[in-house]
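Shown next, in structure tokens, is the structure this report addresses.
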Amino acid sequence: MKVICNGNDLSDAVGKVIKAVPSRSANPVLEGIKLVAEEGTLTLTATDLELAIEKSIVADVKIEGSTVVPGRLFSEFVKRLTKEQIELSISDGNQLKIRYMDSEGVLQCLAADEYPEVKELTEAQSFFIIKNEFKDLVNKVAFSVSADDSRPILKGVLLEINDVSVTGVALDGYRLAKCTKPIEKTTAMMSAIVPARCITEIARLLEDSTDPVQISIRKNYMLVDLIHTKITSRLLDGDFINYKQIIPTSFETMVTVPKEQFESGLERAMLLARAEKNNLVRFDIKENMLQLSSNSDAGTITEKIPVKLDGVDIAIAFNARYYSELLKYIGSEYIVIKFINSASPCIVAPSGGTAEDIMYLILPVRMG
């Protein structure tokens, strides 16, 4: 193999695929990046067997060939060569020689045939969605996935695709996030459970754009094809929780809260709640006033926020971190919180929006 490429192009490609390189693996070849030079193109591939990222760049291919370079070392090296023309060549001992200006580096490589093949998705069903819309959907739900290994299915984001929209759902047993976005078109109604790490990485790799992206699903895999970049994710196998049964439909209390005031009051109340490591903040709602209170050995904090109250008074407590995390993803001036009683989950949504667009559910904490 012998190839000449632009250092900036190479650095950008390595920066994308390195996200799929595991920091440590029982199989050393997975800690590498596969390079394939052929027909005017240098293609870089990395995978941890769950997520695979493939990126192609234009290159002057003198001799076709392939190898597997040590991923982290190669990444650190080439990102310092962005302004150079780089020549990559393989010696008989499977060493990669990296030439730039009058200097060179040599890295010991592994054989390309030891590298696992990335799954090709043929005859897959697919849907098309605006890139910005898909990024927004992922950002609004993925933070709510479970981190508990005992329930691996909850470490993924459920995607449900119908004729006109895609709904993303994530939950961890204490909270649920749901967001629905329109799609351009689809070849079938389908669903998939995508590992949160994979779908988050896919969202990061999507540029901010109003162009559509094609997302293909077949059996245990999902493919996002960005022309010069392909991202393949293994899907989680199993049945997702029937989340529709969890979401309440009737409420005793509904409160409309100014979002900015609520967010800043909550952050102050959490200062003491964090000291107790349970983030417990009490909500007392009556006479068009929401009182947030927290206490610890260090003291007490009480915040009062004027609200619009419809229904009965209520006293309820929450792990306030769940509120502070979801508030980052609500852009409206006001939010609506709907309660049943002090022991039942509440619903949080933007004021004026429908529950179908974006909705969060949070379980309360029992008050002593």
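Please read these numbers as outputs of a predicted model, since none were measured by experiment. Sequence positions, counted from 1, serve as the residue numbers for this chain.
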With heavy-atom distances below 4.5 Å as the criterion, would you say the side chains of [X] and [Y] are in contact?
X    : Y    : value
L236 : P152 : no
F262 : V307 : no
I161 : Q125 : no
N6   : Q85  : yes
I305 : P258 : yes
N319 : Y174 : no
T47  : L30  : yes
E114 : N27  : no

Closest heavy-atom pair and its distance - [X], [Y]:
X    : Y    : value
I86  : G7   : CD1-CA, 3.6 Å
S332 : P350 : OG-CB, 3.3 Å
I231 : I53  : CG2-CG1, 4.2 Å
C346 : I337 : SG-CG2, 4.0 Å
S209 : I130 : O-CG2, 3.7 Å
S191 : L158 : CB-CD1, 4.4 Å

Answer with yes or no whether the side chains of [Y] and [X] bring together a donor and an acceptor at under 3.5 Å.
X    : Y    : value
S146 : D148 : no
N94  : T67  : yes
T302 : S293 : no

*Run the numbers on D284 and R282 for salt bridge (charged side-chain N to carboxylate O under 4.0 Å, His left out), then give the verdict.*
CA-CA 7 Å; D284 286 281; R282 178 177 166 127; 2.7 Å; yes
Which distance, rounded to the nearest 0.5 Å, do you find between the [atom1] of [X] and the [atom2] of [Y]?
X    : Y    : atom1 : atom2 : answer
M289 : D313 : CE    : CG    : 12.5 Å
D113 : K34  : CG    : NZ    : 8.5 Å
S144 : D172 : OG    : CG    : 6.5 Å
K55  : D9   : NZ    : CG    : 8.0 Å
I202 : L226 : CD1   : CG    : 9.0 Å
L137 : K178 : CG    : NZ    : 10.5 Å

Main-chain N/O of [Y] paired to [X] side chain as donor or acceptor, under 3.5 Å:
X    : Y    : answer
R218 : T122 : yes
K135 : L206 : yes
S294 : V281 : no
T200 : A196 : yes
N220 : L235 : no
E31  : S25  : yes
D136 : N139 : no

*To which residues is M254 joined in a hydrophobic cluster, defined by side-chain heavy-atom contacts under 4.5 Å among Ile, Leu, Val, Met, Phe, Trp and Tyr, whether direct or through other members?*
V336
Joint hydrophobic cluster, [X] plus [Y], side-chain heavy atoms closer than 4.5 Å:
X    : Y    : result
L44  : V61  : yes
I129 : L223 : no
L154 : V138 : no
V141 : V224 : yes
Y100 : I57  : yes

_S165: partners by side-chain hydrogen bond (donor to acceptor under 3.5 Å, both in side chains), with sequence neighbours left out_ = N162
*Could R321 and E325 be called an ion pair, given the rule that one side-chain N must be under 4.0 Å from one carboxylate O?*
yes
*salt bridge (charged side-chain N to carboxylate O under 4.0 Å, His left out) partners for E87, two or more places apart*: R99
*Contacts of type salt bridge (charged side-chain N to carboxylate O under 4.0 Å, His left out), residue D310, not counting sequence neighbours*: K308
*Parallel under 30°, tilted from 30 to 60°, perpendicular over 60°: which one fits the rings of Y323 and F283?*
tilted
*Given I347 and M359, is the side-chain contact (heavy atoms from CB on, under 4.5 Å) satisfied, shown in steps?*
CA-CA 7 Å; I347 295 292; M359 182 219 74; 3.6 Å; yes
_For S56, the option from T43, T41, T229 that meets side-chain hydrogen bond (donor to acceptor under 3.5 Å, both in side chains)_ = T43
Which donor-acceptor pairs under 3.5 Å do the side chains of residues 15-24 make with protein atoms, sequence neighbours left out?
unit_1: K16; atom_1: NZ; unit_2: D12; atom_2: OD1; d: 3.1
unit_1: K16; atom_1: NZ; unit_2: D12; atom_2: OD2; d: 3.3

*Could you check E64 against E39 for side-chain contact (heavy atoms from CB on, under 4.5 Å), going step by step and ending with a plain yes or no?*
CA-CA 8 Å; E64 294 188 347; E39 298 178 356; 3.8 Å; yes
Taking atom [atom1] as the centre, does [X] end up with more than 12 heavy-atom neighbours from other residues, nucleotides or ligands that are less than 6.0 angstrom away?
X    : atom1 : value
E333 : CD    : no
I227 : CD1   : no
E120 : CD    : no

*Should D211 and V213 be marked as a side-chain contact (heavy atoms from CB on, under 4.5 Å) after you check the CA-CA gap, both sets of side-chain angles, and the distance that decides it?*
CA-CA 7 Å; D211 294 331; V213 60; over 6 Å; no
*For residues 240-260, which residue pairs qualify under side chain to side chain donor-acceptor pair (under 3.5 Å), counting only residues two or more places apart or in two chains?*
E160-Y243
*In this structure, which one of R234, K155, K119, R197 forms a salt bridge (charged side-chain N to carboxylate O under 4.0 Å, His left out) with E50?*
R197
